[in-house]
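What follows is a set of notes on a single structure, which appears directly below.
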Amino acid sequence: MRKGDITEGYVTKVQFTNKGTVVIMEQDQDGNTTERQCIVKNVIPGQRVRIQIQKARKGTAEGRLLEVIQPAPFEIASPCPHSHLCGGCSYQTVPYEEQLKLKEQQVRELLWNVIRDSDCVESYRWEGIKGSPIRDGYRNKMEFTFGDEYKDGPLALGMHKRGSFYDLVTVSDCRIMDEDYRAIVTATRNFWAAEPVTYYHRMRHVGYLRHLLVRKAGKTGEILVALVTSSQVDAEYEKEALDRYTQLLSGLHYLKGRIVGILHTVNDSVADVVKSDRTDVLYGQDFFYEELLGLRFKISAFSFFQNNTRGAEILYETAREYLGQVRGEGILYDLYSGTGTITQMMAPVVKKAIGVEIVEEAVTAARENAELNGLHNCEFIANDVMRALDEIEEKPDYIILDPPRDGIHPKALKQILSYGVDKIVYISCKPTSLARDLETVLASGYAVERAVAIDMFPGTTHVETVVLLSRKAPV
C-alpha cells in the first residue's frame with residue numbers, strides 16, 4: 001500500500017475512539033494473497049468500505065473513508081438526516097443494543113490490556129455497561145457555530161461537517177437534542193440570516209456571529225440561551241438588533257421548556273472556542289436550575305455539568321455504590337470536582353467533603369449550590385490539584401477522581417496514591433487516558449477491583465467508565 005492508493009476492505013473491529021481496522025486482501029502478480037491492515041475512522045465493524053491510503057510506512061497504514069460499499073449486517077437507516085454529513089455522531093446507524101456491545105468491548109479490552117499481567121487478575125470484576133435511560137434528545141447543553149454550508153453559501157448555524165474545519169451543517173433535526181433546541185436554532189439562524197452582519201471567519205478573524213450556546217435542564221425544563229459574537233459591529237445597530245432577537249426568542253411560547261435567560265457574550269479571542277470576554281443579560285437571568293438525585297443545582301452558561309442529566313444520575317449512583325458503606329465519618333476528597341455535584345452527593349455520609357477544581361467560576365457555583373442544598377460540611381478549593389494537595393491539612397479517608405479527558409498529571413497521580421486510602425473511585429470520560437493512568441496505579445500498590453462502562457452519549461463513540469481501586473494488603 002502506498003500513499004494515495006484507493007482500495008477496498010472489510011472492517012473487522014473498532015477501537016476507542018472510533019479507530020477502525022480495515023483488512024485488505026492484496027494479490028501479487030503470481031496470485032499470492034497478502035493480508036494488509038489499515039486504520040480508518042468513522043467506520044463500523046462488518047462494513048465493506050472503499051478507502052484512500054493517507055499514510056503508509058513500516059507495515060502500518062492509515063486511511064480515509066471514501067464510501068461504505070456494503071453496510072454491516074445490523075445497520076439501520078439513520079434516524080438523523082444530518083448523520084452522513086455531521087461529525088458529531090458516528091453510531092446513528094447502529095441499533096442501541098449494538099452500540100452498547102461496541103462500547104463495552106472497547107473499554108473492556110483497554111482495561112484488560114493493562115490488568116491481565118498484574119496480580120489483581122483473580123479479584124478483578126468487569127461489570128459490563130449501563131445504558132442511558134434516554135437515547136434521543138438527552139443533551140442538556142449544545143454549542144453551535146455560525147458559518148456557511150459551503151464557500152460563500154447561505155448562513156448556517158450548526159455543527160462542523162465531518163472532516164472539515166470550515167463547512168457547517170445546519171442541524172435543524174439533530175437527534176441528540178430535543179425539539180426546543182431545534183426551535184431555538186432555527187429561529188436564531190433565520191433571524192440573523194436576514195440581518196446585515198456576517199459570521200466570524202475563523203482564519204481571517206473578521207465578522208460578527210460566532211456561536212450559539214443553549215442549555216436546558218433535563219428535570220426542571222429551564223432554558224438558558226447565550227449568543228456569542230465578536231465586537232466587530234456598530235454599537236447602535238447591535239443594541240437594536242439584539243432587542244429584536246430577544247423579543248423573538250422570548251416569544252417562542254410553543255416550547256415545552258421555559259427560557260429563563262437570554263445572554264449576549266462578547267468573545268474577541270482568535271481561538272475557535274466558546275468563551276466570554278464580557279457577558280450581558282438581555283432577558284431574565286444568567287443561570288438556570290437543574291435537579292440531580294434529590295439535590296438542586298444553580299448552573300451558569302459556562303459552568304461544567306454532565307451533559308446527560310438522567311445518565312449522570314446512573315453515573316453518580318454507581319460511584320457512590322463503588323465507594324461502599326460510609327457512615328458519617330472521615331474526610332472525602334473530590335478531585336477535579338467541577339461544580340461540586342459529586343462532593344455534594346457524598347457530603348451527607350461523610351464528616352467533611354472537600355472539592356478541588358481549577359476553574360474559579362465552577363468553584364463559586366459549587367459553593368452556592370452547597371448552600372442552596374443546606375450542606376454545611378463541604379469545602380471547595382479553587383486551585384490546581386497538585387498545589388491544593390500540598391495545602392490541605394486534613395488527610396483523606398476516601399478519594400473520588402473525575403479528571404478531564406486527558407486524565408491525571410503523572411505527578412498529581414503519584415501524590416494522590418501516596419495517601420494510601422483503602423478505596424479510590426476513578427471516573428473517566430476517556431478510557432485511553434484511564435488505561436494509561438492505571439499502569440501507575442497498579443505499580444503503586446493498588447488493584448483494580450471493579451469496573452463498569454456507562455453510556456452517557458448514545459449515538460456517539462464516547463463512553464464513561466467507573467473504576468474501583470483498592471489498596472492491596474502489604475505482604
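Hydrogens, waters and symmetry mates play no part in the numbers below; they use all other heavy atoms, side chains included.
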key: Distance-only polar pair, side chains of E361 and S300, donor-acceptor under 3.5 Å   = yes

key: From CA spacing to verdict: side chain to side chain contact (heavy atoms under 4.5 Å, CB included), Q54, K3   = CA-CA 5 Å; Q54 293 182 305; K3 182 178 179 180; 5.7 Å; no

task = Could you tell me whether E67 and R50 have a side-chain N and a carboxylate O separated by less than 4.0 Å?
result = yes

query = How many angstroms lie between OG1 in T465 and CG in L434, if you round to the nearest 0.5 Å?
reply = 6.0 Å

ask   = How long is the span from the OG atom in S132 to the OH atom in Y138, to the nearest 0.5 Å?
value = 7.5 Å

query = How would you list, by chain and number, every residue that makes a side-chain hydrogen bond (donor to acceptor under 3.5 Å, both in side chains) with S337, sequence neighbours excluded?
reply = none

task = Verify whether one side chain among N308 and N140 offers a donor that lies under 3.5 Å from an acceptor in the other.
result = no

message = Listing request: all ring-ring contact (aromatic ring centres under 6.0 Å, His included) pairs with a residue in residues 228-279, at least two apart in sequence or in separate chains.
response = F191-Y245, W192-Y245

message = Is it true that Q47 and E75 share a donor-acceptor pair across their side chains at a distance under 3.5 Å?
response = yes

ring-ring contact (aromatic ring centres under 6.0 Å, His included) contacts in which one or both residues fall within residues 55-106, not counting sequence neighbours = none

inquiry  = For H462 and F457, take the angle between the two ring planes, folded into 0 to 90°, and tell me which bin it lands in: parallel under 30, tilted 30 to 60, perpendicular over 60.
reply    = perpendicular

ask   = Taking only residues two or more places apart in sequence or in another chain, which ones pass salt bridge (Lys or Arg N to Asp or Glu O under 4.0 Å) with K275?
value = none

query = Strictly by modelled atom types, are T461 and N18 linked by a side-chain donor-acceptor pair under 3.5 Å?
reply = no

query = Hey, are the side chains of I400 and M346 touching, using non-hydrogen atoms and a 4.5 Å cut-off?
reply = yes

inquiry  = Just to verify, what does E143 make a salt bridge (Lys or Arg N to Asp or Glu O under 4.0 Å) with, not counting sequence neighbours?
reply    = K141

ask   = Partners of W112 by side-chain hydrogen bond (donor to acceptor under 3.5 Å, both in side chains), sequence neighbours excluded?
value = none

request  = Would you mind listing every ring-ring contact (aromatic ring centres under 6.0 Å, His included) that reaches into residues 300-322, with sequence neighbours excluded?
outcome  = F297-F305

inquiry  = Can you see whether T265 engages T279 through a side-chain donor-acceptor pair at a distance of less than 3.5 angstrom?
reply    = yes

ask   = Within a radius of less than 6.0 Å around CD of E371, do more than 12 heavy atoms belonging to other residues, nucleotides or ligands occur?
value = no

ask   = Can a salt bridge be assigned to the pair K216 and E222 using a cut-off of 4.0 Å between side-chain N and carboxylate O?
value = no

message = Could you work out, with ring-ring contact (aromatic ring centres under 6.0 Å, His included) as the rule, every residue matching Y333, not counting sequence neighbours?
response = Y419

query = Taking only residues two or more places apart in sequence, or in another chain, which ones meet K239 in a salt bridge (Lys or Arg N to Asp or Glu O under 4.0 Å)?
reply = D243

request  = Identify, with sequence neighbours excluded, every residue that meets salt bridge (Lys or Arg N to Asp or Glu O under 4.0 Å) alongside K19.
outcome  = none

message = Do K298 and Y289 form a cation-pi contact, if we require the NZ or CZ to be under 6.0 Å from the six-membered ring centre and within 45 degrees of the ring's axis?
response = no

request  = Could you list the residues that satisfy ring-ring contact (aromatic ring centres under 6.0 Å, His included) with F16, not counting sequence neighbours?
outcome  = none

Partner residues of H201 under the ring-ring contact (aromatic ring centres under 6.0 Å, His included) criterion, sequence neighbours left out = Y199

